Amino acid sequence: MEDKNKATVSAAKHSEEILQLVSFNIGTEEFGIDILKVQEINRMVDITRVPRAPEFVEGIINLRGKVIPIIDIRKRFNMELADHDKNTRIVVVDIAGQVMGMVVDSVSEVLRIPASTIEPTPEVVSSLDSDYIRGVAKLEDRLLIYLDLSKILSGEERKTLAQI
Amino acid sequence: MELDNMKEIVDEFMIEADEIIAKLDEDMVKLEKHSDDLNLLNEIFRAAHTIKGTSGFLGLDKVSELTHKMEDVLNKLRKGELKTNPVIMDALLEAIDTLKLLLEDLRTGKDSGIDLAAVKNQLIAASSVGAGVEAPETKKEAKKNGKSQKIETSATATPTTPIESSTPKTESPVAQATPLPADSLELGLVEAEPAEEEREATGETQRIDGGTSLVKQMAEMRRGADQTIRVDVGRLDSLMNIMGELVLGRNAMLQLTGRITSRYEGQELMDDLNQVATQLNFVTTELQMSVMKMRMLPVGKVFNKFPRVVRDLARSQNKEIDLFISGEETELDKSVIEEIGDPLVHLIRNAADHGIELPDERVKAGKARGGRIDLIASQEGSNIVIKVADDGAGLDTVRIRQKAIEKKLASADEINRMSDKEVFSYIFHPGFSTAKVVTDVSGRGVGMDVVRTNIEKLKGIIDIQSERGKGTAIIIKLPLTLAIVQGLLVEARNELFILPLASVLETVKIARTDVASINRKEVIRLRDTVLPIVDLHSIFFRGTSSIDLAKMTNSYVVVLGLAEKRIGLVVDHLIGQEEVVIKSLGEFLGQTQGIAGATILGDGRVRLIVDPAGIFTMMV
């Protein structure tokens, strides 16, 4: 708890800062990620399964001649699985130099919000592990979960991934 | 002269010298057999002379000093004052070895304090052998030693860097040191002054005999240098990468053209499109070949050192062995060339050491006294085949069986039931040796393990043929290049996989009745061997059962080979062949066992390329 408070304090210091977030939906929840981490947003394509890959790795795709891994956010967050439909998107992100895609239900918009609207994560905010969450942004009519992309794969998981 | 410039010249010299020395090694061994070949002798003399000249000019005292001593001996041989004999050859070869060490020092910038005295004495002793009939280790050297010291001192006086100003200075020491003083002088001038045409002309008139003038040689070298460019390997690699992308693009375009054609059949525009597509396809293939060729080196570059290896071994073991090399012009990718040297050394040593018998034994067995080793390279489609064959004793299967049982590599029963061919593969086992004595050459059971590891790294295949009393042949099959590979597309339970065609030995159609089970492992009989088989899909995706015999009505077995190992992969369909470019899955998924990487097929879909080496480790 202490750590989180510290994080809030440092967030408050940058209150003048305007955050640009790409927001997307999974199930009934809305998430936001830092726009600078997003490379592009694509429609769903055929995903090739990779044997012996971790469960949340859906497979690999061809991104204009580059092969990148695809992560299913639902699986990652232990959420109920859903079928892909015409709104399903692949958000291509750059996490610590590693380009990968995330499957999300739909992408809604690009938001500009002052950093001050981000508040620390309440105890029970969603079904997902609060480690991935930087905070919750209070928008006019709804709440948006601000994700910490670098923590979507914990250090250990990266290590296991690298070892496979 | 600029210091940078100087370094460039030294680097150039090193590369040049490496080539010359490699050639020297080869020629020397030839000379031993054809001692009266004057042309060959002259060639060797010129080679030594070139090194001496250039090294003297560059101030590489030790090198020039040593080559000078070699020249003395060679000159006597050339004039017929001496006749070649093993002692002389040993001395000369020893000198060449020392030369290699000196150059190595120069390259690394270290001074490992190589002492020339011993080699020089050996040379001097050898060259004086001819005078007396006996081999006198006499102290005739005393006088010569004095002389060589003089050379030493005068040579050290040669300034290392300032060439332009050195003309008079170079002249003096060289004049003392060599009977052909003008050579080195000319060399300095040619390098330093622009009016080289003129110089060359005068240089030539100055020399009436004394072989090809060094000036001419240098000029030739320069002319040669104008036609080749040394390119950084990194640039070639990136060119290769771009080429890979182009190949993928071409594949996609061809597929698309096919689809469009089938939809708009008969329309005039389609003919045009097809024409363009065909042309583009053709050019891409040409371009790909050219780019690949740029990375190719003749395998002779590696083969060159083997005559020497065989000669030394034969001499140390009192055997008579002739090495026959063919196909040395066959070209291989640079990365493959770099890896192939070590395994070949081991194979050749084995052939000479274990394969070829002693002359008396050979005569007893009704063979010629001298043994024969063949080293043959050839191209077969997109593979290179290298064969090392000897006409020696052949592999002793009885002894291999014994050893294998001793080492508990399998039960006695199993081993005795194996065919000879299956038993051969035990020689690749680390620490496995049937040699009764460990010599300094072999017998520790390391060599064949090295062979296997390196060939595996290159995704090559090894095949052993051996007959008791007749000899052994070891055949290595290597892919031409590692970046763009021919792939075999197969389907296993609705998943497509690509198998590198270089690792595929054959495909067999099987019915469920062909499959037998040994120790709950499925096998099929393939001619005289028992081949373990495994379902490709179940290797990768857990949960799927192993081979489902009931469904196996019309399956195929793809026989995969890696070094000496074989395995059969059961697949449902063979789809076809496509040129694929291996792309890494990234550091993220890159280490997935059994998967070499992915590629993008003509239809834009990503497919996984199976890594044969991974499959074999997973099966253990």
Side-chain angles (χ1 to χ4, degrees), chain A residues 37 39-40 42-73 75-76 81 84 88 90-103 149-164, chain B residues 241-253 255 489 491-498 534-544 580-611 614-615 617-618:
Chain A
K37 298 263 197 258
Q39 261 191 17
E40 58 187 288
N42 290 338
R43 284 176 195 283
M44 204 56 199
V45 294
D46 274 334
I47 296 177
T48 306
R49 282 206 287 164
V50 177
R52 299 175 166 231
E55 229 213 307
F56 57 90
V57 175
E58 280 242 321
I60 47 179
I61 63 159
N62 166 15
L63 181 74
R64 288 186 307 279
K66 263 178 81 181
V67 174
I68 63 165
I70 299 296
I71 286 168
D72 191 328
I73 291 288
K75 279 187 193 150
R76 185 74 203 96
L81 298 187
H84 300 154
T88 309
I90 294 175
V91 181
V92 180
V93 295
D94 186 327
I95 302 179
Q98 165 87 45
V99 178
M100 61 181 93
M102 301 191 298
V103 179
L149 271 186
S150 60
K151 293 217 174 101
I152 284 199
L153 292 178
S154 69
E156 217 151 274
E157 276 159 350
R158 268 164 204 268
K159 238 189 258 165
T160 19
L161 269 181
Q163 276 166 5
I164 295 163
Chain B
N241 281 339
I242 299 168
M243 194 60 230
E245 298 299 323
L246 185 60
V247 168
L248 293 182
R250 187 262 323 257
N251 290 352
M253 189 204 58
Q255 199 139 14
L489 265 69
E491 190 185 316
R493 299 189 207 182
N494 300 325
E495 298 271 352
L496 274 181
F497 291 98
I498 297 164
V534 17
D535 184 85
L536 179 59
H537 194 270
S538 68
I539 296 178
F540 290 127
F541 296 100
R542 272 173 263 223
T544 52
V580 299
V581 180
I582 300 183
K583 287 172 176 289
S584 144
L585 297 183
E587 58 180 298
F588 210 52
L589 293 168
Q591 300 300 313
T592 310
Q593 206 179 19
I595 300 292
T599 193
I600 297 164
L601 291 186
D603 60 5
R605 294 203 54 174
V606 183
R607 291 297 173 210
L608 297 172
I609 302 171
V610 172
D611 171 27
I615 299 268
T617 32
M618 283 157 83

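We name chains A, B, ... by the order of the sequence lines, and we start the count at 1 in each one. Computed from a prediction, not measured in an experiment: that's the story for all the values here.
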- [ ] Would you check if A:Pro51 and B:Ile539 make a side-chain contact, meaning some heavy-atom pair closer than 4.5 Å?
- [x] no
Open item on the list: So B:Leu608 and A:Ile60, do their side chains get closer than 4.5 Å, heavy atoms only?
Closed with: yes
- [ ] Could you pull out the closest heavy-atom pair between A:Thr48 and B:Val606, with the gap in Å?
- [x] OG1-O, 2.6 Å
- [ ] Would you mind checking which part of A:Ile47 comes under 4.5 Å of any heavy atom in chain B, side chain (CB onward), backbone (N, CA, C, O), both or neither?
- [x] backbone
- [ ] Measure B:Leu248 against the heavy atoms of chain A and call it side chain, backbone, both or neither at under 4.5 Å.
- [x] neither
Open item on the list: Surrounding NZ of A:Lys75 (heavy atoms of other residues, nucleotides or ligands, distance under 6.0 Å), is the total greater than 12?
Closed with: yes
Open item on the list: Quick check for you: to the nearest 0.5 Å, what is the distance between B:Arg607 atom CZ and A:Asn62 atom CG?
Closed with: 11.5 Å
Open item on the list: Looking at chain B, which one of A:Asp46, A:Val45, A:Val99 has the largest number of heavy-atom pairs inside 4.5 Å, strictly under?
Closed with: A:Asp46
